[in-house]
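Right, one structure below, let's go through it.
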4 protein chains.
Amino acid sequence: MISSARPLRADAARNRELLLAAAEEEFAARGIDASIADIADRAGVAKATVFSHFASKEELIAAIVGNHFAELTVVARRLLTSADPEAALSDFLTEAAHGIKQQDLTFLRADDDSRVTELRNDLHEAVSALVDRARAAGVVRAEITGTDVFLLICAPVHIAGCHPDADPDLWRRYQAIIFDGLRPTRAELLPQPPPSWP
Amino acid sequence: MISSARPLRADAARNRELLLAAAEEEFAARGIDASIADIADRAGVAKATVFSHFASKEELIAAIVGNHFAELTVVARRLLTSADPEAALSDFLTEAAHGIKQQDLTFLRADDDSRVTELRNDLHEAVSALVDRARAAGVVRAEITGTDVFLLICAPVHIAGCHPDADPDLWRRYQAIIFDGLRPTRAELLPQPPPSWP
Amino acid sequence: MISSARPLRADAARNRELLLAAAEEEFAARGIDASIADIADRAGVAKATVFSHFASKEELIAAIVGNHFAELTVVARRLLTSADPEAALSDFLTEAAHGIKQQDLTFLRADDDSRVTELRNDLHEAVSALVDRARAAGVVRAEITGTDVFLLICAPVHIAGCHPDADPDLWRRYQAIIFDGLRPTRAELLPQPPPSWP
Amino acid sequence: MISSARPLRADAARNRELLLAAAEEEFAARGIDASIADIADRAGVAKATVFSHFASKEELIAAIVGNHFAELTVVARRLLTSADPEAALSDFLTEAAHGIKQQDLTFLRADDDSRVTELRNDLHEAVSALVDRARAAGVVRAEITGTDVFLLICAPVHIAGCHPDADPDLWRRYQAIIFDGLRPTRAELLPQPPPSWP
DNA sequence: TATGAATGAGCATTCATTCAT
DNA sequence: TATGAATGAATGCTCATTCAT
């Protein structure tokens, strides 16, 4: 929300937010092939204005993805200070899924962008802290890592999205199932070692 | 002469198979934006030939998706005859995920095609039978339906795909977690009723 | 004129010629920034058709430049068989300048194209033969090389083009001056050694 | 206050010079398609500032071209006062070509600008005086006019520029050849009458 | 049926120029 | 005067689809 590098003029800052919002909506509606023209139209600015804010379509996508990572990091850090480790992890997954559900942008990738990589690592770290606390409290299996949970964030929304005509809250069902799968009820080892993080 | 729907000439039938195979490979390699030109090149035919077999790109995608549903249906029906209900369900999910992993075509959608809808319903039915048997045997929660499992088919591969540099077998870890989530260990009710199927 | 690689269908070959002609005219009229759209319009075809004949604007330019080199090579080789070495060289420069004058495309460059490089080398070789014969006959200075004359081909037209409102034949005046500069009247050495050819 | 045309503030005058210098460099480096944005960047000012000094890109080009004409005029007038008429003409062409070679802006045209036309006429007049003196001294043919030499100014650099990998001083070779072509050694008449000047 | 060619609609991106501050 | 921002008009290029043979 609050950027540090260059204090934009008020009108430009407004247009930037307008554009990011329009882009999210357009990507959610039309997929990754949403056109810059449509995004500009939706934001009520000229096509060229998009490029005066983001040097390329890739950079626009990176800004969106980065923002989402940053928002989730804020959520994770806030929940780290709560009393109940189990509720904290569960609430994080719920809030995350809820945010994703609003606009499914799961398909957006921005891998080669260093800022996004950094923000993704920040989120990974915050999630790992949440998981460490939950594991220490015995509410998740000993084998479960922060990376596991990081990868699972989008799963409930994605699963519900496979239904051709689902209730908007269906993802909650699959989140509960997955969360139960993380619990230390079963002693069996998982068939693969925990994934490393680059 | 013997087959019912459309008696294709032998070489035409061969071209059709060539095209479907080429299209799958190209979609797997380049994503949904793979071009008809590249598919035709890979199949060794002219671009226009693609359109003499499939009226549009959508129809080509529908054919691929339909084939995948049909293959999974075969797997599900075969496993219905096996002795162990738990192993049958687990094996189905494993074989399905394995096939998807080979060529991740999860992103392909073909919603408005009636043949695809029919094949999808066939798969849904076969999976439901598998789940009914598993539930009756007490290896999955009473609340779990065939629709649930149908929706979960792609999840393990999708989850592992969120890792920037994952082991090719990582999906097995998440499949085990999800399968554990389906088990009747926990008594708590799931937060959402089972989804209906259209 | 007669290409070897792939025998185009009659209509395609016609469109190709139409496009090359239109492109030459458009480049001559608007300079190197002539647009593909205008070229296509002038040729009476769709924009995309340009790209079905030439993969890029660069390739179209290369085709034009290559054709011009090839045509000049034909002229040079023909004159090599004529009786008078002085007239042969002079006529070559005249015919070349005349062809260039029709459409000043001096500004077109296609350096990185291997076919063009080859055709340019062919022309260089043919011109060198013409110059060798003229030198042997004592009608040009001993120091003058084929490379010198190759570089001088465009000069008369370019010089006349610096006049804001010149007679269309003014280039002949500067060709005569330059040709006189090549004659062995003066014994003084030229201030720079003859240029090498890559 | 003291100067007549437009009393610029000191910093504005400085920006103007900065911009002209930056524009020359950028045009020399990137050709006529050098962008206003790059020029402004190089000058260290905002894009819009360019337009507060020059109403359009054309006008900026006209200013550069006009400056070059004016500089050459100074050179020609200075050499008019030298003792040797032949050396004066030769030196003029050498100094001119040298300046052009440093930054080849030959491609810049600014025809419809009245100030440029005036400066070009000034140069034409100064060159004509140089040529008249040389002709009177018998060092150039009787037929050669100031207009001829004016048109020939850029030729040596242009000719050397046709070589794909030339020595930076190669233009001197062609200047010598052309200058020899101007000498009164040959009695033959040139094939075209001297061009008039508008 | 198979195909070489043609094409209309569209896309990301650029740029000279204008505007408000 | 200087500038950050905005923009309309182009531009090279792509692609699914159509057409004539």
Side-chain angles (χ1 to χ4, degrees), chain A residues 6-16 19 33-40 44-60, chain B residues 8-13 15-16 33-40 44-60, chain C residues 6-16 33-40 44-60, chain D residues 8-16 33-40 44-60:
Chain A
R6 359 150 189 152
L8 286 173
R9 243 167 51 184
D11 53 349
R14 185 175 144 69
N15 268 352
R16 198 189 140 94
L19 274 169
D33 290 327
S35 78
I36 296 285
D38 287 348
I39 291 169
V45 302
K47 236 188 326 181
T49 303
V50 180
F51 290 95
S52 82
H53 285 273
F54 308 96
S56 64
K57 193 180 181 180
E58 272 200 5
E59 203 169 279
L60 169 58
Chain B
L8 283 176
R9 265 174 24 199
D11 56 345
N15 267 354
R16 199 189 140 92
D33 290 328
S35 77
I36 295 283
D38 286 347
I39 290 168
V45 302
K47 233 185 333 177
T49 303
V50 180
F51 290 94
S52 75
H53 285 276
F54 307 95
S56 67
K57 193 180 183 180
E58 270 202 6
E59 201 171 280
L60 168 59
Chain C
R6 355 148 192 152
L8 285 174
R9 244 167 50 184
D11 54 347
R14 186 176 143 67
N15 267 354
R16 198 190 142 94
D33 289 329
S35 78
I36 296 283
D38 287 348
I39 291 168
V45 302
K47 235 186 330 179
T49 303
V50 180
F51 291 98
S52 82
H53 285 274
F54 308 95
S56 65
K57 192 181 182 180
E58 272 200 5
E59 204 170 277
L60 169 59
Chain D
L8 286 173
R9 263 171 30 198
D11 55 347
R14 185 174 146 67
N15 268 354
R16 198 188 140 92
D33 290 328
S35 77
I36 296 284
D38 287 347
I39 290 168
V45 301
K47 234 185 333 180
T49 303
V50 180
F51 291 93
S52 76
H53 285 277
F54 308 95
S56 67
K57 192 180 184 182
E58 271 202 6
E59 201 170 282
L60 169 59

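Naming: A, B, ... by sequence-line order, numbering from 1 per chain. What you see below is based on every heavy atom in this structure, not just the backbone, and it leaves out hydrogens, waters and symmetry mates.
With rounding to whole Å, Asp11(C) atom CG is found 9 Å from dA6(E) atom C1'. dA16(E) atom C1' lies 14 Å from atom CD of Glu59(D), rounded to whole Å. We find that CD1 of Ile39(B) is positioned 17 Å from P of dT14(F), with the value rounded to whole Å. Arg14(A) places its CZ atom 18 Å from the C1' atom of dG4(F), with the value rounded to the nearest Å. We find that CD of Glu58(D) is positioned 12 Å from P of dA16(E), with the value rounded to whole Å. Lys47(B) places its NZ atom 9 Å from the C1' atom of dT17(F), with the value rounded to the nearest Å. Asp38(D) has its CG atom 11 Å from the C1' atom of dT14(E), to the nearest Å.
The base of dT13(E) is not paired with the side chain of Lys57(A) by any donor and acceptor separated by under 3.5 Å.
Mapping Ala46(C) and Ser35(A) onto DNA chain E by nearest heavy atom places Ala46(C) at the nucleotide closer to the 5' end. Heavy-atom nearest nucleotides on DNA chain F were determined for Ala48(A) and for Asp33(B), and the one closer to the 5' end corresponds to Ala48(A). Between Gly44(D) and Ile36(C), the residue anchored nearer the 5' end of DNA chain F, judged by the nucleotide with its closest heavy atom, is Gly44(D).
His53(B) has no side-chain polar atom (N or O) that falls below the 4.0 Å cut-off from OP1 or OP2 of dT1(E). Residue Asn15(D) places at least one side-chain N or O closer than 4.0 Å to OP1 or OP2 of dA2(F). Contact annotation: Thr49(A) reaches the phosphate of dT7(F) (side-chain N/O to OP1 or OP2, under 4.0 Å). For Ser52(A) and dA6(F), the shortest distance from a side-chain N or O to OP1 or OP2 is below 4.0 Å.
When distances are taken from the side chain of Phe51(C) to each of dG12(F), dT18(E), dT1(E), the shortest belongs to dG12(F).
For the residue pair His53(B) and Glu59(B), the shortest heavy atom distance occurs at O-OE2, 4.4 Å.
Within the nucleic acid shown, Ala40(B) has no heavy atom closer than 4.0 Å to any nucleic acid atom. Across all strands, Val45(C) comes closer than 4.0 Å only to sugar-phosphate atoms, never to a base (heavy-atom distances). Among the protein residues, Ala34(B) comes within range of the sugar-phosphate backbone only, with heavy atoms under 4.0 Å from sugar or phosphate atoms but none that close to a base.
When the options Leu60(C), Ile39(C), Ile36(C) are evaluated for a side-chain contact (heavy atoms from CB on, under 4.5 Å) with Phe54(C), the one that passes is Leu60(C).
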Inset, instruction - Any chance you could encode DNA chain F as dot-bracket? Rule is Watson-Crick or G-U wobble with both distances under 3.5 Å; [ ] for pairs crossing earlier ones, | for another strand. - result: .||||||||||||||||||||
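Atoms CG and NZ, on Asp38(C) and Lys47(C) in that order, are 10.5 Å from each other to the nearest 0.5 Å.
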